[in-house]
Amino acid sequence: MKIKNIILVAVAVLFTVSASAQQKFAHVDSQKLIAQLDEFKQAQAKLEAESNKISEQMQSMQQELQTKYNDYVSKADSLPDVVRQVKEQELTEMQQRMQVMGKAAEQSLQQTQAKLFQPIFAKVQEAIDAVGKENGFIYIFDLSSQVVLFHSEQSVDAEPLVLAKIAAAPKAN
C-alpha cells in the first residue's frame, strides 16, 4: 500500500512539474514595438502636420485679436460710447470664436489620431495574438503597461517574433 501511495505521489509530482514546465510566458514592450513601425512614424508625421496647421491658424487669429485689442485700447477714450461698445462686442466675439475653434481643433486632432493609430494598434494586437498561438504562449505580458511585477529571464521576448509577423503581413493602403 505504501509503495502504491509513493508511486501515485511521484506520478502526481511528475505530472505537475511536466505541466508547469510546458507553460510558456512571453513579453513585449508594446510602446517600443509600435514606435519602430514605419506606419506609426508616418501616422505621427501626419498628425503633427495637421497639428501645426491648426496651430498656425490659431496664432494668426491670436495676432489679429491682439492687433484689434491694441487698436481699441489706444483709441478707447476718444471713441463714442456706441462705437466703443461695438468694438468691445467684436473683441468678445473674436475671443469666443477662438475658444470654439480651439475645442473643435482638439476634437478634430483626437479623431484624426484615432483614425491614424487604431489600424496600427489592431495590426500589432493581431500579430501578438498570432505569435502567442503559434508559439504556445500562455500569456504575453506588456512591459510598457507597468503591470508586470516580476520579469524572469525565462520569459521569452516576443518582440522579434511580433515584428517578423507584422513584416510578413500584407500591407494596408
Side-chain angles (χ1 to χ4, degrees), residues 2-64 97-173:
K2 285 185 179 184
I3 293 178
K4 194 175 190 181
N5 287 340
I6 292 173
I7 292 173
L8 286 174
V9 169
V11 168
V13 168
L14 284 173
F15 179 74
T16 303
V17 169
S18 175
S20 66
Q22 292 187 17
Q23 292 181 348
K24 292 170 63 176
F25 298 93
H27 61 273
V28 296
D29 184 335
S30 64
Q31 290 179 355
K32 178 182 165 194
L33 188 144
I34 289 169
Q36 295 177 52
L37 301 176
D38 288 336
E39 298 102 318
F40 179 76
K41 293 172 186 173
Q42 292 167 359
Q44 252 184 331
K46 287 179 184 177
L47 186 63
E48 191 173 321
E50 182 150 337
S51 177
N52 288 341
K53 287 178 188 175
I54 291 170
S55 231
E56 289 171 8
Q57 183 62 39
M58 291 294 290
Q59 286 175 350
S60 174
M61 289 176 73
Q62 180 64 39
Q63 288 173 348
E64 183 182 353
R97 280 195 309 272
M98 283 186 61
Q99 289 173 347
V100 167
M101 183 179 170
K103 288 178 185 177
E106 186 177 327
Q107 288 176 346
S108 174
L109 285 174
Q110 287 174 351
Q111 290 171 349
T112 300
Q113 182 179 23
K115 184 177 119 187
L116 291 171
F117 293 126
Q118 189 56 38
I120 296 167
F121 298 150
K123 182 178 184 177
V124 168
Q125 186 60 54
E126 287 174 19
I128 290 171
D129 292 346
V131 165
K133 288 176 185 171
E134 289 171 7
N135 292 280
F137 294 129
I138 303 298
Y139 291 102
I140 297 180
F141 296 97
D142 186 354
L143 297 179
S144 66
S145 69
Q146 303 293 322
V147 175
V148 177
L149 301 177
F150 174 74
H151 173 207
S152 168
E153 292 302 315
Q154 294 175 340
S155 176
V156 176
D157 183 359
E159 183 178 319
L161 300 170
V162 174
L163 284 171
K165 182 61 69 179
I166 290 170
K171 301 289 181 196
N173 291 337

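The figures here come from the full heavy-atom set of this structure, side chains too, leaving out hydrogens, waters and symmetry mates.
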| Are any side-chain N or O atoms of T112 and backbone N or O atoms of S108, one a donor and one an acceptor, separated by less than 3.5 Å? | yes
| Hey, does the side chain of H27 reach the backbone of A158 with a donor-acceptor pair shorter than 3.5 angstrom? | no
Could you grab the distance from atom [atom1] of [X] to atom [atom2] of [Y], nearest 0.5 Å is fine?
{"X": "I140", "Y": "Q125", "atom1": "CD1", "atom2": "CD", "answer": "8.5 Å"}
{"X": "K115", "Y": "Q111", "atom1": "NZ", "atom2": "CD", "answer": "9.5 Å"}
{"X": "F121", "Y": "L116", "atom1": "CZ", "atom2": "CG", "answer": "10.0 Å"}
{"X": "Q31", "Y": "D142", "atom1": "CD", "atom2": "CG", "answer": "7.0 Å"}
{"X": "E56", "Y": "M58", "atom1": "CD", "atom2": "CE", "answer": "13.0 Å"}
{"X": "Q62", "Y": "M98", "atom1": "CD", "atom2": "CE", "answer": "4.0 Å"}

Please set out all donor-acceptor pairs under 3.5 angstrom arising from side-chain atoms of residues 33-40, sequence neighbours excluded.
{"unit_1": "Q36", "atom_1": "NE2", "unit_2": "K32", "atom_2": "O", "d": "3.4"}
{"unit_1": "Q36", "atom_1": "NE2", "unit_2": "E159", "atom_2": "OE2", "d": "2.7"}
{"unit_1": "E39", "atom_1": "OE2", "unit_2": "K123", "atom_2": "NZ", "d": "2.5"}

Minimum heavy-atom distance between [X] and [Y], given as atom pair plus value:
{"X": "V162", "Y": "V28", "value": "CG2-CG1, 4.2 Å"}
{"X": "P119", "Y": "A114", "value": "CD-O, 4.2 Å"}
{"X": "F141", "Y": "F25", "value": "CE1-CD2, 3.7 Å"}

| task | Applying salt bridge (Lys or Arg N to Asp or Glu O under 4.0 Å), name anything that partners E134, two or more places apart in sequence or on another chain. | result | K165
| Considering the options I128, V124, L161, which one meets the side-chain contact (heavy atoms from CB on, under 4.5 Å) requirement together with I166? | V124
